Amino acid sequence: MLVGAGGVGTAITRIAARRSFFDDMVVADYDLSRAEAAVAALSGAAGRFSAERVDASDQAAVTALLKRHGCDVLLNATDPRFVMPLFQAALAAGATYLDMAMSLSRPHPARPYEECGVMLGDTQFAQAADWEKAGALALVGMGVEPGLSDVFARYAADELFDEIEEIGIRDGANLTVDGYEFAPSFSIWTTIEECLNPPVVYEADRGWFTTAPFSEPEVFDFPEGIGPVECVNVEHEEVLLVPRWIDARRVTFKYGLGEEFIQTLRTLHLLGLDRTDPVTVPSAAGPVGVSPRDIVAACLPDPATLGERMHGKTCAGTWVRGTKDGAPREVYLYHVVDNQWSMAEYGSQAVVWQTAVNPVVALELLATGAWTGSGVLGPEAFPARPFLDLLSAYGSPWGMREQ
(Lines give C-alpha, C1' and ligand atoms only; values in the text may rest on other atoms or scores of the structure.)
Protein backbone atom coordinates (compact mmCIF):
# COMPACT_ATOMS: atom_id res chain seq x y z
CA MET A 1 0.00 0.00 0.00
CA LEU A 2 1.31 3.38 -1.10
CA VAL A 3 0.03 6.18 1.14
CA GLY A 4 0.20 9.55 -0.58
CA ALA A 5 -0.68 10.25 -4.22
CA GLY A 6 1.01 13.62 -4.58
CA GLY A 7 3.94 14.28 -6.89
CA VAL A 8 6.30 11.66 -5.45
CA GLY A 9 3.54 9.09 -4.91
CA THR A 10 2.29 9.45 -8.47
CA ALA A 11 5.86 9.10 -9.79
CA ILE A 12 6.23 5.93 -7.71
CA THR A 13 3.21 4.38 -9.43
CA ARG A 14 4.60 5.21 -12.88
CA ILE A 15 7.98 3.66 -12.07
CA ALA A 16 6.53 0.60 -10.31
CA ALA A 17 4.06 -0.09 -13.15
CA ARG A 18 7.02 -1.10 -15.34
CA ARG A 19 8.28 -3.69 -12.82
CA SER A 20 6.93 -7.17 -12.10
CA PHE A 21 8.18 -7.83 -8.55
CA PHE A 22 4.81 -7.12 -6.85
CA ASP A 23 1.28 -8.42 -7.37
CA ASP A 24 -0.90 -5.48 -6.33
CA MET A 25 -0.48 -1.88 -5.21
CA VAL A 26 -3.18 0.00 -3.31
CA VAL A 27 -2.78 3.75 -3.84
CA ALA A 28 -4.32 5.54 -0.85
CA ASP A 29 -4.75 9.25 -0.27
CA TYR A 30 -6.89 11.60 1.83
CA ASP A 31 -8.19 12.93 -1.49
CA LEU A 32 -9.64 9.90 -3.25
CA SER A 33 -9.66 11.72 -6.59
CA ARG A 34 -5.87 12.08 -6.46
CA ALA A 35 -5.43 8.36 -5.85
CA GLU A 36 -7.87 7.56 -8.64
CA ALA A 37 -6.08 9.92 -11.03
CA ALA A 38 -2.72 8.29 -10.30
CA VAL A 39 -4.16 4.84 -11.06
CA ALA A 40 -6.08 5.98 -14.14
CA ALA A 41 -2.91 7.40 -15.70
CA LEU A 42 -1.18 3.99 -15.75
CA SER A 43 -1.51 2.50 -19.20
CA GLY A 44 -1.32 -1.27 -19.40
CA ALA A 45 -1.33 -1.73 -15.62
CA ALA A 46 -5.00 -2.51 -15.14
CA GLY A 47 -5.66 -5.00 -12.37
CA ARG A 48 -2.50 -4.42 -10.34
CA PHE A 49 -3.39 -0.94 -9.02
CA SER A 50 -6.43 0.24 -7.06
CA ALA A 51 -7.38 3.47 -5.31
CA GLU A 52 -8.60 3.99 -1.75
CA ARG A 53 -9.28 6.92 0.54
CA VAL A 54 -7.47 7.01 3.88
CA ASP A 55 -6.59 9.62 6.47
CA ALA A 56 -2.84 9.16 7.10
CA SER A 57 -3.22 10.59 10.62
CA ASP A 58 -5.72 7.86 11.57
CA GLN A 59 -3.57 4.93 12.66
CA ALA A 60 -6.50 2.58 13.19
CA ALA A 61 -7.96 3.31 9.75
CA VAL A 62 -4.60 2.71 8.06
CA THR A 63 -4.12 -0.56 9.95
CA ALA A 64 -7.59 -1.72 8.95
CA LEU A 65 -6.97 -0.88 5.30
CA LEU A 66 -3.65 -2.75 5.29
CA LYS A 67 -5.35 -5.81 6.74
CA ARG A 68 -8.37 -5.61 4.42
CA HIS A 69 -6.15 -5.71 1.36
CA GLY A 70 -3.61 -8.12 2.84
CA CYS A 71 -0.74 -5.71 2.13
CA ASP A 72 2.81 -6.87 2.90
CA VAL A 73 4.31 -3.37 2.80
CA LEU A 74 3.31 0.19 3.63
CA LEU A 75 5.23 2.75 1.56
CA ASN A 76 4.86 6.23 3.05
CA ALA A 77 4.87 9.04 0.45
CA THR A 78 3.28 11.69 2.70
CA ASP A 79 5.01 14.58 4.44
CA PRO A 80 6.81 13.95 7.76
CA ARG A 81 3.80 14.90 9.92
CA PHE A 82 2.31 11.50 9.21
CA VAL A 83 5.39 9.32 9.77
CA MET A 84 4.45 8.08 13.22
CA PRO A 85 0.81 7.02 12.68
CA LEU A 86 1.81 5.22 9.46
CA PHE A 87 4.90 3.67 11.08
CA GLN A 88 2.79 2.35 13.97
CA ALA A 89 -0.04 1.21 11.69
CA ALA A 90 2.38 -0.92 9.69
CA LEU A 91 3.67 -2.63 12.84
CA ALA A 92 0.12 -3.26 14.07
CA ALA A 93 -0.79 -4.83 10.73
CA GLY A 94 2.38 -6.94 10.53
CA ALA A 95 3.56 -5.11 7.41
CA THR A 96 7.01 -3.97 6.37
CA TYR A 97 7.30 -0.19 6.57
CA LEU A 98 9.29 2.09 4.25
CA ASP A 99 9.51 5.88 4.24
CA MET A 100 11.53 8.63 2.60
CA ALA A 101 11.74 10.92 5.64
CA MET A 102 11.78 10.25 9.36
CA SER A 103 9.93 11.30 12.51
CA LEU A 104 10.17 15.01 13.20
CA SER A 105 12.72 16.73 15.39
CA ARG A 106 12.22 19.32 18.14
CA PRO A 107 14.93 21.91 18.82
CA HIS A 108 16.66 22.04 22.19
CA PRO A 109 14.52 24.37 24.35
CA ALA A 110 17.43 26.43 25.70
CA ARG A 111 20.36 25.99 23.28
CA PRO A 112 18.84 25.25 19.85
CA TYR A 113 21.95 26.22 17.87
CA GLU A 114 24.43 24.32 20.02
CA GLU A 115 22.72 21.19 21.32
CA CYS A 116 20.29 18.69 19.82
CA GLY A 117 16.82 18.33 21.26
CA VAL A 118 14.73 15.50 19.84
CA MET A 119 16.54 14.44 16.68
CA LEU A 120 15.09 13.27 13.38
CA GLY A 121 14.14 9.61 13.70
CA ASP A 122 14.53 9.46 17.49
CA THR A 123 10.89 8.52 17.99
CA GLN A 124 11.16 5.70 15.45
CA PHE A 125 14.46 4.34 16.75
CA ALA A 126 12.99 4.34 20.29
CA GLN A 127 10.59 1.63 19.05
CA ALA A 128 13.24 -0.50 17.33
CA ALA A 129 12.96 -3.26 19.93
CA ASP A 130 9.25 -3.66 19.16
CA TRP A 131 10.01 -4.19 15.48
CA GLU A 132 12.83 -6.62 16.26
CA LYS A 133 10.58 -8.59 18.62
CA ALA A 134 7.96 -8.85 15.88
CA GLY A 135 10.58 -9.88 13.33
CA ALA A 136 9.40 -6.96 11.19
CA LEU A 137 11.36 -4.38 9.21
CA ALA A 138 11.01 -0.60 9.11
CA LEU A 139 13.35 0.75 6.43
CA VAL A 140 13.54 4.47 7.17
CA GLY A 141 14.95 7.33 5.10
CA MET A 142 14.82 5.48 1.77
CA GLY A 143 14.25 8.23 -0.81
CA VAL A 144 17.03 10.01 -2.63
CA GLU A 145 18.26 12.21 0.25
CA PRO A 146 18.06 10.44 2.61
CA GLY A 147 18.21 7.11 0.81
CA LEU A 148 20.46 6.90 -2.22
CA SER A 149 22.89 9.27 -0.51
CA ASP A 150 23.15 6.78 2.38
CA VAL A 151 23.65 3.88 -0.07
CA PHE A 152 26.53 5.85 -1.58
CA ALA A 153 28.03 6.26 1.92
CA ARG A 154 27.81 2.48 2.49
CA TYR A 155 29.40 1.80 -0.91
CA ALA A 156 32.26 4.19 -0.15
CA ALA A 157 32.93 2.58 3.23
CA ASP A 158 32.83 -0.96 1.82
CA GLU A 159 34.65 -0.58 -1.49
CA LEU A 160 36.45 2.74 -1.82
CA PHE A 161 38.07 3.66 1.51
CA ASP A 162 40.01 2.11 4.36
CA GLU A 163 39.41 5.10 6.66
CA ILE A 164 36.92 7.94 6.24
CA GLU A 165 37.53 11.46 7.48
CA GLU A 166 34.28 13.03 6.31
CA ILE A 167 31.06 12.12 4.57
CA GLY A 168 29.22 15.15 3.23
CA ILE A 169 25.93 14.98 1.37
CA ARG A 170 25.88 17.72 -1.27
CA ASP A 171 22.72 18.54 -3.22
CA GLY A 172 22.54 21.08 -6.03
CA ALA A 173 20.65 21.89 -9.23
CA ASN A 174 20.39 24.39 -12.05
CA LEU A 175 16.61 24.08 -12.40
CA THR A 176 14.52 27.04 -13.54
CA VAL A 177 10.72 27.36 -13.78
CA ASP A 178 9.18 29.52 -16.48
CA GLY A 179 6.56 32.02 -15.34
CA TYR A 180 7.26 31.97 -11.59
CA GLU A 181 9.55 34.16 -9.51
CA PHE A 182 9.38 31.67 -6.62
CA ALA A 183 8.36 28.06 -7.26
CA PRO A 184 10.05 25.39 -5.12
CA SER A 185 10.62 22.10 -6.95
CA PHE A 186 9.74 20.06 -3.84
CA SER A 187 7.17 20.25 -1.02
CA ILE A 188 7.47 23.69 0.59
CA TRP A 189 6.16 22.20 3.85
CA THR A 190 9.12 19.81 4.02
CA THR A 191 11.57 22.40 2.69
CA ILE A 192 10.65 24.87 5.44
CA GLU A 193 10.99 22.12 8.05
CA GLU A 194 14.48 21.04 7.05
CA CYS A 195 15.87 24.48 6.19
CA LEU A 196 14.71 26.50 9.20
CA ASN A 197 15.32 23.89 11.87
CA PRO A 198 18.80 23.90 13.46
CA PRO A 199 21.14 21.89 11.18
CA VAL A 200 22.79 18.87 12.78
CA VAL A 201 26.49 18.02 12.36
CA TYR A 202 28.21 14.83 13.55
CA GLU A 203 31.80 14.62 14.75
CA ALA A 204 33.22 11.42 16.22
CA ASP A 205 34.81 13.12 19.25
CA ARG A 206 31.77 15.29 19.93
CA GLY A 207 28.74 13.36 18.76
CA TRP A 208 25.75 15.19 17.27
CA PHE A 209 25.45 18.95 17.71
CA THR A 210 23.62 21.82 16.00
CA THR A 211 24.52 25.08 14.28
CA ALA A 212 22.55 28.09 13.04
CA PRO A 213 20.45 27.68 9.87
CA PHE A 214 22.36 28.24 6.61
CA SER A 215 25.75 28.02 8.35
CA GLU A 216 29.15 27.13 6.83
CA PRO A 217 28.49 28.25 3.23
CA GLU A 218 30.72 26.64 0.61
CA VAL A 219 30.76 26.52 -3.18
CA PHE A 220 30.52 22.97 -4.55
CA ASP A 221 31.07 22.17 -8.22
CA PHE A 222 28.32 19.79 -9.37
CA PRO A 223 28.79 17.47 -12.37
CA GLU A 224 27.14 17.14 -15.78
CA GLY A 225 26.99 20.85 -16.53
CA ILE A 226 25.30 22.04 -13.34
CA GLY A 227 28.47 23.74 -12.14
CA PRO A 228 29.30 25.69 -8.96
CA VAL A 229 26.49 26.19 -6.46
CA GLU A 230 26.73 27.71 -2.98
CA CYS A 231 25.65 25.12 -0.38
CA VAL A 232 24.77 25.62 3.29
CA ASN A 233 24.05 23.40 6.28
CA VAL A 234 20.44 22.28 6.71
CA GLU A 235 18.86 19.67 8.95
CA HIS A 236 18.70 16.30 7.21
CA GLU A 237 18.30 12.65 8.09
CA GLU A 238 21.63 11.41 6.69
CA VAL A 239 23.58 13.08 9.48
CA LEU A 240 21.51 11.08 11.97
CA LEU A 241 21.65 7.82 9.98
CA VAL A 242 25.17 7.48 8.59
CA PRO A 243 27.07 7.42 11.94
CA ARG A 244 24.87 4.59 13.22
CA TRP A 245 26.40 2.15 10.71
CA ILE A 246 29.48 3.79 9.18
CA ASP A 247 32.71 4.83 10.88
CA ALA A 248 33.39 8.44 9.80
CA ARG A 249 34.99 11.25 11.75
CA ARG A 250 32.56 13.88 10.45
CA VAL A 251 29.16 13.85 8.68
CA THR A 252 27.39 16.88 7.20
CA PHE A 253 24.54 17.75 4.84
CA LYS A 254 24.63 20.87 2.68
CA TYR A 255 21.97 22.02 0.27
CA GLY A 256 22.42 24.35 -2.70
CA LEU A 257 19.61 26.82 -2.02
CA GLY A 258 20.78 30.13 -3.46
CA GLU A 259 20.64 33.53 -1.74
CA GLU A 260 17.15 34.42 -3.02
CA PHE A 261 15.66 31.18 -1.69
CA ILE A 262 17.40 31.62 1.67
CA GLN A 263 16.11 35.18 2.02
CA THR A 264 12.57 34.05 1.21
CA LEU A 265 12.73 31.37 3.90
CA ARG A 266 14.10 33.89 6.39
CA THR A 267 11.23 36.25 5.60
CA LEU A 268 8.67 33.47 6.11
CA HIS A 269 10.27 32.77 9.50
CA LEU A 270 10.34 36.47 10.42
CA LEU A 271 6.60 36.75 9.69
CA GLY A 272 5.76 33.53 11.51
CA LEU A 273 4.55 31.89 8.31
CA ASP A 274 6.71 28.82 8.92
CA ARG A 275 4.63 27.89 12.00
CA THR A 276 2.56 24.71 12.02
CA ASP A 277 0.29 25.51 15.00
CA PRO A 278 -3.09 26.83 13.76
CA VAL A 279 -3.91 30.51 13.94
CA THR A 280 -7.48 31.82 13.87
CA VAL A 281 -8.45 33.66 10.69
CA PRO A 282 -11.83 35.03 9.51
CA SER A 283 -13.71 33.26 6.74
CA ALA A 284 -17.15 33.40 5.12
CA ALA A 285 -18.21 30.60 7.47
CA GLY A 286 -16.78 32.29 10.55
CA PRO A 287 -13.42 32.01 12.34
CA VAL A 288 -11.32 28.98 11.38
CA GLY A 289 -7.99 27.61 12.56
CA VAL A 290 -5.36 27.33 9.83
CA SER A 291 -1.65 26.48 9.95
CA PRO A 292 0.41 29.37 8.48
CA ARG A 293 2.69 26.89 6.77
CA ASP A 294 -0.29 25.24 5.09
CA ILE A 295 -1.36 28.68 3.83
CA VAL A 296 2.09 29.20 2.27
CA ALA A 297 1.86 25.78 0.61
CA ALA A 298 -1.63 26.55 -0.73
CA CYS A 299 -0.42 29.85 -2.23
CA LEU A 300 2.44 28.23 -4.15
CA PRO A 301 2.15 26.01 -7.23
CA ASP A 302 2.08 22.25 -6.68
CA PRO A 303 5.66 21.09 -7.45
CA ALA A 304 4.27 18.06 -9.27
CA THR A 305 2.64 20.34 -11.85
CA LEU A 306 5.77 22.31 -12.75
CA GLY A 307 7.47 19.77 -15.00
CA GLU A 308 6.36 21.32 -18.30
CA ARG A 309 7.72 24.72 -17.20
CA MET A 310 10.93 23.37 -15.65
CA HIS A 311 14.35 23.21 -17.28
CA GLY A 312 17.70 21.87 -16.12
CA LYS A 313 19.11 19.10 -13.97
CA THR A 314 19.13 18.10 -10.31
CA CYS A 315 22.00 16.32 -8.58
CA ALA A 316 22.02 14.32 -5.36
CA GLY A 317 25.32 12.99 -4.13
CA THR A 318 27.73 11.99 -1.39
CA TRP A 319 31.20 13.50 -1.11
CA VAL A 320 33.67 11.33 0.81
CA ARG A 321 37.19 12.14 1.98
CA GLY A 322 39.61 9.66 3.55
CA THR A 323 42.42 7.22 2.75
CA LYS A 324 42.80 4.09 0.62
CA ASP A 325 45.93 1.92 0.73
CA GLY A 326 47.67 4.61 2.77
CA ALA A 327 47.03 7.40 0.24
CA PRO A 328 44.56 10.29 0.49
CA ARG A 329 41.41 9.92 -1.58
CA GLU A 330 38.38 12.09 -2.23
CA VAL A 331 35.35 11.15 -4.36
CA TYR A 332 31.88 12.41 -5.18
CA LEU A 333 29.27 9.70 -5.81
CA TYR A 334 26.26 11.21 -7.54
CA HIS A 335 22.98 10.77 -9.36
CA VAL A 336 21.80 13.36 -11.89
CA VAL A 337 18.33 13.57 -13.43
CA ASP A 338 17.57 15.82 -16.41
CA ASN A 339 14.05 17.23 -16.23
CA GLN A 340 13.62 16.94 -19.99
CA TRP A 341 14.34 13.20 -19.76
CA SER A 342 12.11 12.48 -16.75
CA MET A 343 9.20 14.40 -18.28
CA ALA A 344 9.54 12.66 -21.65
CA GLU A 345 10.02 9.20 -20.14
CA TYR A 346 7.65 9.29 -17.13
CA GLY A 347 5.73 12.57 -17.19
CA SER A 348 7.24 13.46 -13.80
CA GLN A 349 9.48 16.42 -13.03
CA ALA A 350 13.09 15.65 -12.14
CA VAL A 351 13.10 16.24 -8.37
CA VAL A 352 10.03 14.16 -7.58
CA TRP A 353 11.10 11.40 -10.02
CA GLN A 354 14.57 11.22 -8.47
CA THR A 355 12.99 10.89 -5.03
CA ALA A 356 10.50 8.26 -6.21
CA VAL A 357 12.76 5.81 -8.03
CA ASN A 358 14.79 4.86 -4.96
CA PRO A 359 12.03 3.42 -2.73
CA VAL A 360 10.83 1.35 -5.69
CA VAL A 361 14.34 -0.07 -6.15
CA ALA A 362 14.45 -0.83 -2.41
CA LEU A 363 11.06 -2.56 -2.55
CA GLU A 364 12.30 -4.79 -5.36
CA LEU A 365 15.40 -5.72 -3.35
CA LEU A 366 13.20 -6.62 -0.37
CA ALA A 367 10.87 -8.62 -2.60
CA THR A 368 13.72 -10.66 -4.09
CA GLY A 369 15.45 -11.17 -0.74
CA ALA A 370 18.59 -9.27 -1.79
CA TRP A 371 17.92 -7.03 1.22
CA THR A 372 16.67 -8.58 4.47
CA GLY A 373 16.51 -7.49 8.08
CA SER A 374 14.36 -6.68 11.09
CA GLY A 375 14.09 -3.72 13.40
CA VAL A 376 14.33 -0.05 12.45
CA LEU A 377 17.12 0.21 9.88
CA GLY A 378 18.50 2.85 7.54
CA PRO A 379 19.80 2.21 4.02
CA GLU A 380 23.36 1.97 5.40
CA ALA A 381 22.45 -1.30 7.10
CA PHE A 382 22.24 -3.12 3.73
CA PRO A 383 24.81 -3.96 1.04
CA ALA A 384 25.11 -1.13 -1.46
CA ARG A 385 26.14 -2.94 -4.63
CA PRO A 386 22.78 -4.70 -5.30
CA PHE A 387 20.99 -1.35 -4.99
CA LEU A 388 23.35 0.53 -7.30
CA ASP A 389 23.28 -2.24 -9.91
CA LEU A 390 19.47 -2.32 -9.89
CA LEU A 391 19.23 1.48 -10.06
CA SER A 392 21.24 1.34 -13.29
CA ALA A 393 18.97 -1.45 -14.56
CA TYR A 394 16.03 0.93 -14.05
CA GLY A 395 17.63 3.15 -16.70
CA SER A 396 18.95 5.68 -14.21
CA PRO A 397 22.74 5.28 -13.86
CA TRP A 398 24.84 6.83 -11.12
CA GLY A 399 28.35 8.27 -11.38
CA MET A 400 31.56 8.74 -9.45
CA ARG A 401 34.06 11.59 -9.76
CA GLU A 402 37.53 11.49 -8.25
CA GLN A 403 38.04 14.90 -6.68
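These numbers come from the heavy atoms of this one structure, side chains and all, not from hydrogens, waters or symmetry mates. In this text the structure is predicted, and so the values were computed from the model without any measurement.
Separation of atoms OH (Y30) and CG (D55) is listed at 6.0 Å; rounding is to 0.5 Å. Atoms CG and CG, from L268 and D274 in turn, are 7.0 Å apart once rounded to the nearest 0.5 Å. With values rounded to the nearest 0.5 angstrom, L265 atom CG is found 5.5 Å from C195 atom SG. Distance CE/M142 to CG/D150: 7.5 Å, rounded to 0.5 Å.
Evaluation of the side-chain hydrogen bond (donor to acceptor under 3.5 Å, both in side chains) rule for E203 yields R250 as partners, not counting sequence neighbours. Every residue meeting the salt bridge (charged side-chain N to carboxylate O under 4.0 Å, His left out) condition with D158, not counting sequence neighbours, appears here in chain and number order: R154. Not counting sequence neighbours, the partners of Q340 by the side chain to side chain contact (heavy atoms under 4.5 Å, CB included) test are D338. Scored by the side chain to side chain contact (heavy atoms under 4.5 Å, CB included) test, V73 finds T96, L363 as partners (sequence neighbours excluded). In this structure, the side chain to side chain contact (heavy atoms under 4.5 Å, CB included) partners of P303, at least two apart in sequence or on a different chain, are Q349. Listed by chain and number, the residues in a ring pair (Phe, Tyr, Trp, His ring centres under 6.0 Å) with W245 amount to none (sequence neighbours excluded). Shown here are the side chain to side chain contact (heavy atoms under 4.5 Å, CB included) partners of R19, two or more places apart in sequence or in another chain: F21, E364, L390, Y394.
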Output side-chain donor-acceptor pairs under 3.5 Å for residues 117-127, partner residues at least two apart or in another chain, one line each.
| from | atom 1 | to | atom 2 | distance (Å) |
| --- | --- | --- | --- | --- |
| D122 | OD2 | M119 | N | 2.8 |
| Q124 | OE1 | S103 | N | 2.8 |
| Q124 | NE2 | D99 | OD2 | 3.1 |

Under 3.5 Å, sequence neighbours excluded: what are the donor-acceptor pairs made by side chains of residues 374-388?
| from | atom 1 | to | atom 2 | distance (Å) |
| --- | --- | --- | --- | --- |
| E380 | OE2 | V242 | N | 3.3 |
| R385 | NH1 | D389 | OD1 | 3.3 |
| R385 | NH2 | Y155 | OH | 3.1 |

List the atom pairs, with distances to 0.1 Å, where a side-chain N or O of residues 77-93 and a protein N or O form a donor-acceptor pair under 3.5 Å, not counting sequence neighbours.
| from | atom 1 | to | atom 2 | distance (Å) |
| --- | --- | --- | --- | --- |
| T78 | OG1 | N76 | OD1 | 2.6 |
| D79 | OD1 | R81 | N | 2.9 |
| D79 | OD1 | R81 | NE | 3.0 |
| D79 | OD2 | R81 | NE | 3.2 |
| D79 | OD2 | R81 | NH2 | 2.7 |
| R81 | NH1 | D294 | OD1 | 3.4 |

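Side-chain contact, H108 with E114: no donor N or O sits under 3.5 Å from an acceptor N or O. Between the side chains of E216 and T211, not a single donor N or O lies within less than 3.5 Å of an accepting N or O.
Sorted by first and then second residue, the salt bridge (Lys or Arg N to Asp or Glu O under 4.0 Å) pairs with a member in residues 390-403 read R329-E402; sequence neighbours excluded. The side chain to side chain donor-acceptor pair (under 3.5 Å) contacts involving residues 58-73 comprise E52-R68, E52-H69, where partners must be two or more places apart or lie in separate chains.
Checked for salt-bridge contact, R321 and E330 miss the test: no charged N lies under 4.0 Å from a carboxylate O.
With T252 contributing its side chain and G168 its backbone, the two residues share no donor-acceptor pair below 3.5 Å.
Closest non-hydrogen pair, C116 versus V200, comes out as SG-CG1, 4.1 Å.
With ring centers used as reference points, Y202 lies 6.0 Å or more from F253.
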